Structures are given as C-alpha cells and as structure tokens.
Amino acid sequence: MKTNTRIYLSLALGLVSFTALAEPLIFDFKDPKGINNANFKLDAPLEAINGNTTGISGKVTFDPADPSKTKGKIVVASSSLRLPNPMQQQHMQGDQWLDAAKYPEISFEAKSLKNVNTSGDVTTADADGVFSLKGQSKEMTVPVKLTYLKDKLGARMPRMQGDLLVIRATFNIKRSDFGINAGKMEEKVSDAIELSLSIAGAAPR
Amino acid sequence: MIRKLLRWLAAALVVGAVIWWIGAGANAWTKTSVPVPRTDEVTGITVNDYKRHFVPGLEFLAAVVAVSGVIAAFSFLFPKSGPARGPGENLTKESDRT
C-alpha cells in the first residue's frame with residue numbers, strides 16, 4: 001500500500017512538474033498545402049467584392065497548458081490578394097488602393113488574450129493586438145477561436161510528428177482607418193471590410 | 001445579300017451574348033477564374049482554389065454590342081439587293097429580250 005502511494009505521488013508530482021515546465025509551442029503558419037486562407041468581403045450599395053488570399057505566414061506561441069498566454073503575428077502578402085476579375089485585382093493592388101509594391105505586408109500582431117474560455121481543445125478569446133495595413137497601424141481587438149490538435153501533424157504531413165493549431169477569426173476593419181481612399185467611392189467600394197481568417201499552424205517535434 | 005447577312009450576324013452576336021451572360025449568372029463583372037472549394041480533412045479548413053474559367057460580365061456584353069454595331073455599320077457599305085424596278089435595271093431580262 002505504501003509502495004503504491006509512493007508511485008502515485010511520484011507520478012502526480014512528475015505530471016505537475018512536467019506541466020509546469022512544459023514550454024509553449026511555436027506554431028509556424030507557412031502552409032505548404034495552400035489551405036490557410038483569408039477571405040475579404042466588401043458589400044457596397046452598388047457592388048459587392050469578394051476575394052481571398054492564401055499568401056499567409058507567421059508564427060504564434062501557444063501554451064496548451066495556458067492558452068491565455070498566446071501571442072504571435074500573422075502576415076498576409078499584399079500581392080497575394082486575389083479577386084476573380086483581373087482588372088479589379090490590378091486596381092486593388094495599384095497605388096490608388098493598397099499599393100502592394102510599396103506596402104507588401106498586411107499583418108496582425110496579437111499581444112495578449114482576454115475573455116479566455118477553454119473547453120477541451122478549443123479556446124475562444126479576444127485578442128488584443130495591432131493591425132497594420134498600407135503602412136498604418138491600429139490597435140484592435142479580434143475575437144479568435146483556437147483549436148489545439150495534439151499529435152495531428154502526422155495526419156496532415158506524412159513523415160512528420162507534432163501538433164497543429166487552428167485559428168479562426170472573423171472581424172471588420174474600415175479602409176478609412178488605414179488611409180485607403182477615405183470617403184471616396186463608397187457606393188462601389190464599401191468602407192467596411194469583413195475579414196475572415198482560417199489558418200492552421202504546425203509545431204513539429 | 002451580304003448587307004442582310006452582316007446585320008443578321010450582328011443581331012445573332014448580341015442575342016447569343018445576352019443568353020450566355022444570363023445563363024452564366026448575369027454577373028456585373030467578367031471573371032476569368034472561378035472558386036472551387038477544397039477542404040482539409042484534418043483541420044476542417046475550406047479554401048477556395050481558383051481555376052481558369054471565363055464568366056462573362058457587363059463589360060463583355062458592352063464589347064459584343066460594340067463589335068455588333070461595327071458589323072451592322074459595315075453592312076451599309078454594301079448595296080441593297082432586291083428585284084429590279086425599272087426598265088434597263090435588270091440586265092438579264094434586257095439581254096433575254098434581245
């Protein structure tokens with residue numbers, strides 16, 4: 001009985017110390033499968049514009065034992081934004097709008113999480129951070145959903161072992177906040193832009 | 001004959017383009033690619049892959065109407081065809097008489 005108690009105590013202490021010492025995982029969101037994507041939607045009175053991008057990269061630090069410490073930066077290549085109409089796409093990336101040549105990156109850097117709610121492998125929270133677009137940055141709070149998939153990297157990338165972290169977020173920005181033709185052509189290009197992000201990062205072991 | 005043919009061709013182009021435009025969804029803008037959804041089974045993330053496919057929009061219709069207008073205008077360069085109305089206009093009949 002005493003031996004069993006010692007074994008249980010040792011295991012419990014080991015588990016506690018392992019949890020305490022477990023380092024946060026760094027997830028890389030450069031996706032070789034081209035699945036990671038962000039959609040953008042502008043719904044103006046005269047015209048709706050829907051586009052997407054798969055040109056996403058970035059790294060996020062996530063601690064499965066304490067998701068509230070999550071932080072990181074997701075970057076979208078401006079030149080990767082895509083519209084079904086080639087002329088619209090050219091205009092969007094031109095110097096009148098995004099000026100993708102001069103401002104090649106759109107990013108969101110999450111600095112802290114609040115209102116964290118974890119249930120199993122799923123965490124919802126509000127991420128406080130800085131959104132940068134066309135050379136201008138603005139502090140924002142973005143609702144995020146994090147899904148931690150332990151040991152699932154191998155199922156996605158054969159011959160690799162590790163974990164996956166799926167991040168989903170839908171939020172709105174205003175182009176006028178970032179100096180993109182503020183107050184102009186709003187009947188065709190709405191000021192409000194709905195962004196929807198679905199990305200998975202890998203932390204190989 | 002050519003005059004009529006060109007006008008029919010112009011009309012057919014406009015009608016055909018309108019039918020194609022409506023059939024393709026009556027889009028405001030022409031699209032050169034269309035989204036095809038693909039879902040990753042492990043993460044459940046769905047992405048729209050784009051494959052090359054032409055979908056006509058209003059600017060395509062405008063281009064077809066412009067081309068049809070040019071064809072219709074071109075038809076005026078050809079003389080009217082029809083039955084002869086006066087003596088001496090129908091050479092075949094004149095020659096038949098002599």
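These figures come from a predicted structure and were not determined experimentally. In what follows, chains carry the letters A, B, and so on, assigned in the order in which the sequence lines appear, proteins first and then strands, with residues in each chain numbered from 1.
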Can you tell me if B/E59 has over 12 outside heavy atoms packed within less than 6.0 Å of its CD? yes
Heavy-atom pair of closest approach, residues A/P84 and B/S33: CB-O, 3.7 Å
Considering heavy atoms only, which positions within residues 156-182 of chain A lie below 4.5 Å of chain B? A/R156, A/L164, A/V166, A/R168
Suppose a student defines contact as a heavy atom less than 4.5 Å from any heavy atom of chain B. Which residues in residues 143-151 of chain A would they list? A/L149
Side-chain touch B/T32/A/Q89, heavy atoms, less than 4.5 angstrom: no
Does atom CD1 of B/I71 have more than 12 heavy-atom neighbours from other groups under 6.0 Å away? yes
Counting heavy-atom pairs under 4.5 Å with chain B, which one of A/N52, A/I35, A/I199 comes out on top? A/I35
Under 4.5 Å, heavy atom to heavy atom: which of residues 34-52 of chain B reach chain A? Give them by number, or say none. B/R38, B/D40, B/V42, B/T43, B/G44, B/I45, B/T46, B/V47, B/N48, B/Y50
Heavy-atom count around A/K59 NZ within 6.0 Å, excluding the residue itself: above 12? no
According to the side chain to side chain donor-acceptor pair (under 3.5 Å) rule, which pairs have a member within residues 61-79 of chain B, sequence neighbours left out? B/R7-B/S75
Of the listed residues (A/N36, A/T54, A/N37, A/N39), which shares the most heavy-atom pairs with chain B below a 4.5 Å separation? A/N37
Partner chain B: residue of A/M87, A/K33, A/Q88 with the largest heavy-atom pair count (under 4.5 Å): A/Q88
